[in-house]
Amino acid sequence: MSQFYEDVYQVTCRIPAGRVTTYGAIAAMLARPMAARAVGYALSALPEGTSVPWHRVINAQGRISLKDRHPGETGLQRRLLEREGVVFDSEDRVDLRLIGWVDPAEPE
DNA sequence: ACGATGACGTTAT
DNA sequence: TATAACGCCATCG
């Protein structure tokens, strides 16, 4: 397990339930503002039963970037978030200004 | 070492 | 709003 992966998971675990953050934001917290893509790559490596709240990570547009794996599955990630109270608008987007999370310990 | 890949982000059409 | 073109980065084969 690379240090990068661990850092990504560590930050992801700090996201409170009912809140979300973006790949880019996580990358920025790791002092790598341009590594959003790599963050997604790291999350994709997580096993199914992981305790890491990977579903709280979405893209900068407030939308889910993960396509449904199996036909019939109407967005696992979305259901997990809605179960935490996250609301999606008519265009399947969430208001990051409202529930977007930023690490308080992270200076701007 | 090198080119390809992907749960990204920004900018230009 | 939707699509495309780039740039970026850690991994993979």
Could you write nucleotides 8-13 of chain C as a row of B, S and -, 5' to 3', where a protein heavy atom under 4.0 Å of any base atom gives B, of only sugar-phosphate atoms gives S, and otherwise -?
BBSSS-
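Rounded to an integer number of Å, the gap from A:Y23 OH to B:dT10 P is 14 Å. Rounded to a whole Å, the CD atom of A:E48 is 15 Å from the P atom of B:dA7. One atom, CG of A:N59, and another, C1' of B:dA7, lie 9 Å apart when rounded to the nearest Å. Rounded to whole angstrom, the span from the CZ atom of A:R63 across to the C1' atom of B:dA7 amounts to 14 Å. The distance between atom CD of A:Q77 and atom C1' of B:dC8, rounded to the nearest whole Å, is 14 Å. Atom-to-atom, CD of A:Q61 to C1' of C:dA4 comes out at 13 Å; the value is rounded to the nearest Å.
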Output, in order, the C-alpha distance, side-chain angles, deciding distance and verdict of side-chain contact (heavy atoms from CB on, under 4.5 Å) for A:L80 and A:L76.
CA-CA 6 Å; A:L80 290 173; A:L76 166 64; 4.0 Å; yes
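Judged by distance alone, the side chain of A:Y9 and the main-chain N or O of A:A42 form a donor-acceptor pair under 3.5 Å. No side-chain donor-acceptor contact under 3.5 Å links A:T12 to the backbone of A:P53.
Ion pairing of A:R56 with A:E84 is present here, as a side-chain N (NZ or NE/NH1/NH2) and a carboxylate O approach within less than 4.0 Å.
With A:F88 as the aromatic partner, A:R93 does not meet the cation-pi criteria of under 6.0 angstrom to the ring centre and within 45 degrees of the ring axis.
With respect to A:V11, the side-chain contact (heavy atoms from CB on, under 4.5 Å) criterion is satisfied by exactly one of A:V57, A:L30, A:V39: A:L30.
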